[in-house]
Amino acid sequence: MPELPEVETTMRGLTPALKNRKLVKVIKRRDKIRIPVPEDFVKRLEGRKIIRLERRAKYLRFFLDSEDVIICHLGMSGKFIISDKNEDPFAKHDHIIFETDDEKQIIYNDPRRFGLMTLCTVDELDDHKLFKDMAAEPLGNEFSGVYLREKIKAKKVTIKAALLDQKVVVGLGNIYVCEALNKAHISPLRKACDISADETEILVPIIRDILLNAIEAGGSSLKDFAGANGDLGYFQHQFVTYGREGENCINHGCVGIITRINQGGRSTFYCPVCQK
DNA sequence: ATGATGTCCTGGGCGC
DNA sequence: TGCGCCCAGGACATCA
């Protein structure tokens with residue numbers, strides 16, 4: 001469920017705990033999450049300092065003072081927990097633990113193991129198979145109505161599927177695609193190639209707006225979260241369509257009811273009245 | 001090449 | 001109370 005805003009929030013929450021901190025100890029409690037954790041993961045990290053953290057799409061990247069970069073994806077259920085170093089036994093699904101030089105533990109916990117943790121060098125990063133075919137960041141300058149239209153104008157899949165495609169735009173998942181299409185009054189059932197240039201011009205600022213609002217909401221809940229238990233989990237956020245089957249559409253003047261359908265094995269929530 | 005479908009994984013919710 | 005079933009879904013593999 002973590003999409004761009006949740007990953008961004010996680011990155012911001014981790015930064016004070018990890019930036020300019022030395023990793024005095026790294027514990028790998030599993031050889032594989034979704035993909036194998038590198039054999040030499042611990043060896044390449046212990047004693048190194050993290051100099052910078054960033055988000056790219058739904059990935060986190062931690063740059064070290066060596067040539068290495070930690071690449072992390074939260075998958076469906078991955079989260080980080082920041083706590084003081086202690087002797088408590090690790091919890092179930094605590095897969096990777098970073099101990100820093102200020103006596104903190106940063107734990108990666110992921111029950112469903114759809115996430116990943118791997119390493120590459122800075123030189124390999126741009127051409128890394130996880131990143132090389134990725135589309136633009138939705139909050140960056142490159143992403144525009146023209147850009148989106150170019151990406152989808154030959155696509156025969158639905159606009160719902162196209163917006164989930166990380167080669168079209170990165171960072172969106174099932175929830176924010178539903179939200180954006182509702183606000184843009186576009187039916188998730190339409191073919192991507194049928195979405196006009198005028199419509200992509202409308203859609204792009206809506207996508208930006210929704211993501212920025214969610215990041216802001218995440219930022220404010222982060223204070224509460226991190227203060228309470230250091231758990232950088234998912235914040236509560238009010239969605240207008242997602243999970244609201246049977247409720248009224250909130251678009252101005254609309255009397256429609258949010259309906260749930262199945263697209264490609266995934267739930268789509270939308271309003272059949274105002275989303276054309 | 002594109003699009004459709006299957007796969008990974010566990011916890012939670014539901015019906016019986 | 002408990003068992004089994006189904007669902008959630010990001011991204012990749014595989015097939016048509």
Side-chain angles (χ1 to χ4, degrees), chain A residues 1-11 29-37 55-61 71-81 90-96 107-118 120 125 127-138 150-181 188-195 207 211 214 231 233-237 239 241-246 258-270:
Chain A
M1 220 114 46
E3 303 180 27
L4 185 150
E6 292 80 11
V7 180
E8 179 72 23
T9 300
T10 300
M11 193 272 288
R29 299 185 68 230
R30 246 189 190 280
D31 290 330
K32 184 185 156 180
I33 305 175
R34 187 166 68 77
I35 62 170
V37 180
R55 176 194 59 75
R56 168 74 170 117
K58 299 174 193 170
Y59 288 86
L60 296 163
R61 301 155 150 182
I71 299 167
C72 175
H73 194 293
L74 301 174
M76 280 290 300
S77 57
K79 65 177 180 182
F80 281 93
I81 300 145
F90 294 117
K92 202 176 175 184
H93 311 304
D94 285 351
H95 304 313
I96 304 281
I107 300 169
Y108 178 70
N109 177 289
D110 184 1
R112 290 183 210 177
R113 303 210 297 271
F114 270 31
L116 68 83
M117 186 87 69
T118 191
C120 77
L125 196 56
D127 291 327
H128 195 285
K129 65 176 178 178
L130 293 172
F131 302 110
K132 66 178 165 61
D133 295 323
M134 260 183 190
E137 287 287 330
E150 274 305 304
K151 287 284 189 185
I152 67 174
K153 69 179 186 187
K155 287 208 168 289
K156 292 178 177 61
V157 293
T158 62
I159 184 63
K160 164 82 190 298
L163 292 175
L164 287 172
D165 184 346
Q166 305 295 297
K167 293 184 181 69
V168 170
V169 58
V170 301
L172 299 181
N174 206 39
I175 294 175
Y176 292 102
V177 168
C178 291
E179 299 292 293
L181 288 175
L189 296 162
R190 284 172 60 194
K191 285 183 182 174
C193 57
D194 292 339
I195 304 298
I207 289 170
L211 294 176
D231 187 342
Y234 316 121
F235 45 89
Q236 302 301 313
H237 192 61
F239 299 113
T241 55
Y242 196 83
R244 292 189 60 244
E245 183 182 18
I258 300 299
T259 304
R260 173 209 198 106
I261 57 169
N262 190 293
Q263 291 185 289
R266 303 284 183 254
S267 285
T268 298
F269 296 87
Y270 81 114

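Just so you know, these numbers use all the heavy atoms, side chains as well, and skip hydrogens, waters and symmetry mates. A, B, ... follow the sequence lines: proteins, then strands. Residue 1 opens every chain. This one's a predicted model, so the numbers in the text were calculated from it and none came from an experiment.
Taking the salt bridge (Lys or Arg N to Asp or Glu O under 4.0 Å) definition, one finds that A/Asp31 meets it with A/Lys28, sequence neighbours left out. Residues that satisfy the ring pair (Phe, Tyr, Trp, His ring centres under 6.0 Å) test with A/Phe114, not counting sequence neighbours, are absent from this structure. In terms of the side-chain contact (heavy atoms from CB on, under 4.5 Å) criterion, residue partners of A/Lys153 (sequence neighbours excluded) are, by chain and number, A/Arg149, A/Glu150. For A/Arg190, the salt bridge (Lys or Arg N to Asp or Glu O under 4.0 Å) partners two or more places apart in sequence, or in a different chain, are A/Glu199. Contacts of A/Thr268 classified as side-chain contact (heavy atoms from CB on, under 4.5 Å), with partners at least two apart in sequence or in another chain: A/Lys160, A/Cys178, A/Pro188, A/Ile261, A/Gln263. A/Arg244 meets the salt bridge (Lys or Arg N to Asp or Glu O under 4.0 Å) test with A/Glu247; sequence neighbours excluded. For A/Pro111, the side-chain contact (heavy atoms from CB on, under 4.5 Å) criterion is met by A/Ser77, A/His93, A/Asn109, not counting sequence neighbours.
The line from CE of A/Met134 to NZ of A/Lys58 is 9.0 Å long, rounded to the nearest 0.5 Å.
The nearest whole Å value for the distance from the CZ atom in A/Phe239 to the C1' atom in C/dA8 is 14 Å. When rounded to the nearest whole Å, the span between NZ of A/Lys92 and P of B/dC9 equals 14 Å. What separates CG of A/Asp165 from P of B/dT5 is a distance of 16 Å, to the nearest Å. A straight line from CG of A/Asp110 to C1' of B/dG11 spans 12 Å, rounded to a whole angstrom.
From one end of the helix from B/dT2-C/dA16 to B/dC16-C/dG2 to the other, with five pairs defining each end axis, the axis direction shifts by 50° (rounded to 10°).
Sorted pairs that involve residues 161-172 of chain A and meet side-chain hydrogen bond (donor to acceptor under 3.5 Å, both in side chains), not counting sequence neighbours, are lacking altogether. Evaluation of the salt bridge (charged side-chain N to carboxylate O under 4.0 Å, His left out) test over residues 128-137 of chain A, restricted to residues two or more places apart or in two chains, returns A/Arg55-A/Glu137, A/Arg56-A/Glu137.
Phosphate proximity of B/dT7 to A/Arg113: absent, as no side-chain N or O sits under 4.0 Å from OP1 or OP2. At B/dG11, one or more side-chain N or O atoms of A/His93 fall inside 4.0 Å of OP1 or OP2 (strictly under the cut-off). Listed pair A/Ser77 / B/dG11 fails the phosphate criterion, with no side-chain N or O lying under 4.0 Å from OP1 or OP2.
Looking at heavy-atom distances under 4.0 Å, A/Arg30 makes no contact with the nucleic acid at all.
Outside the 6.0 Å centre-distance limit, the rings of A/Phe239 and A/Phe269 are not counted as a close aromatic pair.
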Scan nucleotides 10-14 of chain C against the protein and return all N/O pairs shorter than 3.5 Å with their distances rounded to 0.1 Å.
{"from": "C/dG10", "atom 1": "OP2", "to": "A/Asn174", "atom 2": "N", "distance (Å)": "3.2"}
{"from": "C/dG10", "atom 1": "O3'", "to": "A/His73", "atom 2": "NE2", "distance (Å)": "3.3"}
{"from": "C/dG10", "atom 1": "N7", "to": "A/Arg266", "atom 2": "NH2", "distance (Å)": "3.2"}
{"from": "C/dG10", "atom 1": "O6", "to": "A/Arg266", "atom 2": "NH2", "distance (Å)": "2.8"}
{"from": "C/dA11", "atom 1": "OP1", "to": "A/His73", "atom 2": "NE2", "distance (Å)": "2.8"}
{"from": "C/dA11", "atom 1": "OP2", "to": "A/Lys58", "atom 2": "NZ", "distance (Å)": "3.2"}
{"from": "C/dA11", "atom 1": "OP2", "to": "A/Gln166", "atom 2": "NE2", "distance (Å)": "3.4"}
{"from": "C/dA11", "atom 1": "N6", "to": "A/Arg266", "atom 2": "NH2", "distance (Å)": "3.3"}

Under 3.5 Å, N/O pairs linking protein and nucleotides 1-3 of chain B:
{"from": "B/dG3", "atom 1": "OP1", "to": "A/Lys156", "atom 2": "N", "distance (Å)": "2.6"}

